[in-house]
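Data first, discussion second: the structure below is written as structure tokens.
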Amino acid sequence: DSSKPETVLDCICIGIITIAMAVDAAHNDEFYLRLYIGHKSQRFGHEFMEIEVCPSGKLRYANNSNYNNDKIIRREVCLGPAVVAELKRIILTSDITTVDDENWGEPPAARRQELEIKIGNEHIAFTCAEIMSLADVQNSPDPKGLTVLYYLTQDLKCFVMSLINLHFKIKPIPP
Amino acid sequence: HKHQHQHHHHDTEMPPPPPVAGPLRSIEGWVLFVTGVHEEAQEDDIRDKFGEYGLIKSIALNLDRKTGQVKGYALVEFSEREEAQDAINALHGTPLLGKTIGVHWTFCRKEI
């Protein structure tokens, strides 16, 4: 095996390179996620759900729906590293980093969703009209990209709702 | 009511679960986070494996919204910390339907 270190100098060099790579990875390892889905109407006011995962691993959840008599539900809990790693895996395997919103246009202020992700060297921010179902995206300017966004949003919501429901044993109604 | 412990083959290449800043109890028990769950796993597969370590209060086995198969993770809740810790010790790095699972604490007391 020609890659095995043969001298003390080899070991020192490998050690230095390894440390440098680890520091680099640590700086690029900052993870941030924010998902907002909401609509504003005269009848029900501002109904929304917002999820945030901070670089520290803290999960923040807020939900305001007309079913709660306009009292915003807010919850916070620190996630273990394995959970954050799985969130990253779900995001990376969704192909969201290949999506391009160049042709999407400006979404309505009254009915929108926002997804912001910082992962590795990528920083993604997408805003679009609230996607209620796949039928919504078929007539859009970018059905393929919006489909990726739709499925990732669903998977993230499902994940976070399970975490919140199990930790707090509440059953909020997502808008 | 503990059954006899099965002998589990541990994947020795799999690193132990990273230490957390103290696992955090959830409102009714202790929630474990299971990774590497096989896409065809069913709730009963989880229940059979984990039920050996205590009474399971809740299981969440979420599906991939696109494929309808298991997304790859599960949440398992035990009443007692010792039961959850026993499950981590016994099951982390062992196979479930031929695929190696990781078993971790879900929530922690301090930010990482």
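Here is the naming used below: chain letters follow the sequence lines, and residue numbers restart at 1 for every chain. Excluded from the calculations below are hydrogen atoms, water molecules and symmetry mates; all remaining heavy atoms, backbone and side chain alike, are included.
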inquiry  = Using the rule given for side chain to side chain contact (heavy atoms under 4.5 Å, CB included), can you reason through Asp64(B) versus Tyr151(A), listing the C-alpha separation, both sets of side-chain angles and the distance that settles it, and then say yes or no?
reply    = CA-CA 8 Å; Asp64(B) 181 307; Tyr151(A) 280 124; 5.6 Å; no

inquiry  = So, taking the atom named NZ in Lys169(A) and the one named OG in Ser26(B), what distance separates them when rounded to the nearest 0.5 Å?
reply    = 8.0 Å

query = Are Leu166(A) and Glu77(B) close enough that some pair of their side-chain heavy atoms sits under 4.5 Å apart?
reply = yes

key: chain B contact via Leu163(A) - side chain, backbone, both or neither, heavy atoms under 4.5 Å   = both

query = Do you know the tightest heavy-atom contact between Phe107(B) and Val77(A)?
reply = CD2-CG2, 3.5 Å

request  = Look at atom NZ of Lys57(B) and say whether more than 12 heavy atoms of other residues, nucleotides or ligands are closer to it than 6.0 Å.
outcome  = yes

request  = Report yes or no: do Tyr32(A) and Leu79(A) belong to one cluster of Ile/Leu/Val/Met/Phe/Trp/Tyr joined by side chain heavy-atom distances under 4.5 Å?
outcome  = no

key: Shortest non-hydrogen contact between Gly72(B) and Glu86(A), atoms and distance   = C-OE2, 3.9 Å

ask   = For Gln138(A), does the CD atom have more than 12 heavy-atom neighbours from other residues, nucleotides or ligands under 6.0 Å away?
value = yes

Smallest separation among heavy atoms of Ser162(A) and Leu75(B), with atom names = CB-CD1, 3.7 Å

inquiry  = I'd like to verify something: which residue of Thr93(A), Ile90(A), Val83(A), Leu152(A) has the highest number of heavy-atom pairs under 4.5 Å with chain B?
reply    = Val83(A)

inquiry  = Quick check: do His104(B) and Pro81(A) have side-chain heavy atoms less than 4.5 Å from each other?
reply    = no

message = Could you check whether atom CD of Gln42(B) has more than 12 heavy atoms from other residues, nucleotides or ligands sitting under 6.0 Å from it?
response = no

Candidate pair Lys71(B) and Cys158(A), rule side chain to side chain contact (heavy atoms under 4.5 Å, CB included), full reasoning = CA-CA 10 Å; Lys71(B) 189 65 186 175; Cys158(A) 188; over 6 Å; no

query = So which heavy atom on Asp155(A) is nearest to which on Arg65(B), and how close?
reply = OD1-N, 3.0 Å

query = What part of Tyr73(B) gets closer than 4.5 Å to chain A, counting heavy atoms only: side chain, backbone, both or neither?
reply = both

inquiry  = Does His167(A) form a side chain to side chain contact (heavy atoms under 4.5 Å, CB included) with Thr106(B)? I'd like the steps, not just the answer.
reply    = CA-CA 9 Å; His167(A) 189 64; Thr106(B) 307; over 6 Å; no

